[in-house]
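Below: the structure, in structure tokens.
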2 protein chains.
Amino acid sequence: MSIDKDLFKLKPIAYTTMADQVENHLREYIIKRSIKPGDPIPKETEIAQALGVSRNVVREALSRLRMLGMIESRKKRGMILTQPDVMKGLELIIHPTILDENVRKQLFELRLVLEVGLGDLLFRRKTEEHLKKLDAIVEREHKATTQIERIRCEVDFHSTLYEMAGNETLKRFQDILMPVFEYVVEYESKLDHTSVGSVTHADLVKILYSNNAEAYPNAMRKHLMPHLDHL
Amino acid sequence: MSIDKDLFKLKPIAYTTMADQVENHLREYIIKRSIKPGDPIPKETEIAQALGVSRNVVREALSRLRMLGMIESRKKRGMILTQPDVMKGLELIIHPTILDENVRKQLFELRLVLEVGLGDLLFRRKTEEHLKKLDAIVEREHKATTQIERIRCEVDFHSTLYEMAGNETLKRFQDILMPVFEYVVEYESKLDHTSVGSVTHADLVKILYSNNAEAYPNAMRKHLMPHLDHL
DNA sequence: TAGTTCAATATGTAATACTTAATAGAAATT
DNA sequence: AATTTCTATTAAGTATTACATATTGAACTA
């Protein structure tokens, strides 16, 4: 009685719930009608009736979009489309403890890639205040006595770079990724942070003071070399 | 009759719904109990009873986590935690038409940063096949007669670089971002793509064939210069 | 032992009712 | 007439109940 098994090869029928479908319908609706932030979208009951599903299902779909910051709802006023924070979705998922080792490693690589490539944004947007801030961090680092303090300087230094880049999305990206890297801290704590590689933080600042954008990428590469070698 | 306006400064009371609270509870629950992918989580009714809310509300919260790929549910079997795709959340939000101009620009900058910083991953993970693939693209590009074909080569070339980097998360990031850049295509179509800057695709391939990792970042910078200058 | 039937179970969906907050419009006050 | 206050309405938030559906595992049959 064994039935041809080939029939079942495709078995895992991508099962979509009503809520999934409603969600997709809403996305399409928003896109096709080119609804803009601030514009209202139909009432829950209207959607439910239009799609022939229970209000319950509609609410599940809306709840998802609301979580992503795509819509906001006020009682009576109904719901309006909002300009979502593009990095919101990332923030909702990324929590160090539920990420597997492999992904964390990939995110760390991503960070290295970003920092090496950051140069042009930095040179175009650096200000006196930023450079002074970096100076201060470098000095704090030199005076630091404890390892904890040194690591804090390390984090501050690199965070300041992202700030200097003047790209809100990029900064946000970094802020979200940051906690993931804490697992690296143990390893890092064994290194000398003022000069992770042969290029020190002070060296990097010096380059930033200059207008030599060409020098930046390879300087940062050398600074991060111990990490890069670890790939 | 004007009342002290300071009273209303904090007015926008961060209103959280029950679903929001349940969602947070679930996140905490998962983290604190360090539940791993594959492990089961409580039944809907159990959660509802434990938190003293209706099953409806619980389902909204679960629906959100399910969308992000954090949990999966099967009838009867209950729900299990899954290893989420970290980039899923990003994918759900990023749709070119609902992103405002400013954010799109920031994402484009992000792309430039990535490509300049990509070098070390490329040199560590390049294979003969990858290099051959790039060669083929360059050749196709030279032979191309239409602008459409040339743009396709441009996209293929840079996509292949991300592929070469051997970082699944990074590649996925790029794939998600890609559609956002289509708006740049119009502008790009006016440029000569074999040599966007003074450095051509062929030049980049030559560098990749060599083992001169130092040369890569500035070569890519020059290649992307027209875009960088546009910042 | 193998295969079938069947009950138990947990999610998915529907329907209904009620609560709550915000709004608009009517009514009342100045 | 202009402003404030009440009131009804509206739409989202929550709760409850009921039923559908698919999956599991145990009981049953051949």
Side-chain angles (χ1 to χ4, degrees), chain A residues 1-5 7-8 10-26 29 35 38-82, chain B residues 1-3 5 8 10-26 29 35 38-82:
Chain A
M1 285 301 126
S2 74
I3 302 172
D4 185 4
K5 281 187 175 176
L7 279 175
F8 296 101
L10 306 170
K11 189 82 180 283
I13 299 157
Y15 174 63
T16 61
T17 66
M18 288 290 156
D20 293 331
Q21 293 176 44
V22 173
E23 186 198 334
N24 289 334
H25 266 96
L26 289 173
Y29 179 87
I35 298 178
D39 293 350
I41 60 178
K43 322 301 175 197
E44 292 180 352
T45 49
E46 290 173 7
I47 299 170
Q49 202 168 12
L51 300 181
V53 296
S54 86
R55 194 180 145 222
N56 221 320
V57 167
V58 173
R59 279 188 62 79
E60 279 192 29
L62 290 170
S63 180
R64 298 175 180 182
L65 301 186
R66 195 160 39 241
M67 172 186 59
L68 293 175
M70 294 178 65
I71 61 174
E72 270 178 19
S73 24
R74 304 276 159 80
K75 307 205 178 192
K76 162 103 182 186
R77 188 172 158 200
M79 293 179 300
I80 55 169
L81 202 68
T82 56
Chain B
M1 286 300 125
S2 75
I3 302 172
K5 282 186 175 175
F8 296 102
L10 307 170
K11 190 81 182 284
I13 299 157
Y15 174 64
T16 61
T17 65
M18 289 289 155
D20 294 331
Q21 293 176 43
V22 173
E23 187 198 333
N24 289 333
H25 266 96
L26 288 173
Y29 178 87
I35 298 178
D39 293 350
I41 60 178
K43 322 302 173 197
E44 292 179 352
T45 50
E46 290 174 8
I47 298 171
Q49 203 168 12
L51 299 181
V53 296
S54 86
R55 194 182 144 220
N56 220 321
V57 166
V58 173
R59 279 188 62 79
E60 278 191 29
L62 290 170
S63 178
R64 298 174 180 183
L65 301 186
R66 195 161 37 240
M67 174 186 57
L68 293 175
M70 294 178 66
I71 61 174
E72 270 178 20
S73 22
R74 305 275 159 79
K75 307 206 176 193
K76 162 104 183 186
R77 189 172 159 198
M79 294 181 299
I80 56 169
L81 202 68
T82 55

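In what follows, every chain begins at residue 1, and chains take the letters A, B, ... in the order their sequences are listed.
The separation between A:Lys76 atom NZ and C:dA21 atom C1' is 11 Å, rounded to whole Å. Rounded to an integer number of Å, the gap from B:Arg74 CZ to C:dG12 C1' is 15 Å. We find that CZ of A:Arg77 is positioned 7 Å from P of C:dT23, with the value rounded to whole Å. Remark: P of D:dG13 and OH of B:Tyr15 are 6 Å apart, rounded to the nearest angstrom. Rounded to an integer number of Å, the gap from CE of B:Met79 to C1' of D:dA22 is 16 Å. Counting to the nearest Å, the P atom of D:dT23 and the CD1 atom of B:Ile80 are 14 Å from each other. Remark: P of D:dA12 and CG of B:Asp20 are 16 Å apart, rounded to the nearest angstrom. A:Lys43 has its NZ atom 16 Å from the C1' atom of D:dG13, to the nearest Å.
Applying the 6.0 Å contact sphere to CD of A:Gln21 captures more than 12 heavy atoms from other residues, nucleotides or ligands. For CD of A:Glu46, the number of neighbouring non-hydrogen atoms (other residues, nucleotides, ligands) closer than 6.0 Å is greater than 12.
By the side chain to side chain contact (heavy atoms under 4.5 Å, CB included) test, B:Lys76 pairs with no residue at all, sequence neighbours left out. Considering only residues two or more places apart in sequence or on other chains, B:Arg77 meets the side-chain hydrogen bond (donor to acceptor under 3.5 Å, both in side chains) condition with none of them. Annotation: salt bridge (Lys or Arg N to Asp or Glu O under 4.0 Å) contacts of A:Glu60 (sequence neighbours excluded): B:Arg59.
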Enumerate donor-acceptor pairs with a distance under 3.5 Å from any side-chain N or O in residues 64-75 of chain B to protein atoms, sequence neighbours excluded.
unit_1  : atom_1 : unit_2  : atom_2 : d
B:Arg64 : NE     : A:Ser63 : O      : 3.3
B:Arg64 : NE     : A:Ser63 : OG     : 2.6
B:Arg64 : NH1    : B:Asp20 : OD1    : 2.8
B:Arg64 : NH1    : B:Glu23 : OE1    : 2.7
B:Arg64 : NH2    : A:Ser63 : OG     : 2.9
B:Arg64 : NH2    : B:Asp20 : OD1    : 3.3
B:Arg66 : NH1    : B:Ser73 : OG     : 2.9
B:Glu72 : OE1    : B:Arg74 : NH2    : 3.1

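Side-chain contact between B:Leu26 and B:Leu62: present, with at least one pair of heavy atoms (C-beta onward) separated by less than 4.5 Å.
Distance CZ/A:Arg55 to CG/B:Asn56: 9.0 Å, rounded to 0.5 Å.
Proximity of residues 45-60 of chain A to DNA chain D (heavy atom under 4.0 angstrom from any strand atom) is restricted to A:Arg55, A:Arg59. Contacts with DNA chain C (heavy atom under 4.0 Å) in residues 62-73 of chain A: none are found.
Considering only the side chain of B:Thr17, D:dG13 comes nearest among C:dG12, C:dT13, D:dG13.
Contact between B:Ala61 and B:Ala19 at its shortest, heavy atoms only, is CB-O, 3.7 Å.
Nearest-nucleotide mapping onto DNA chain C: of B:Gly78 and A:Lys75, the residue sitting toward the 5' end is B:Gly78.
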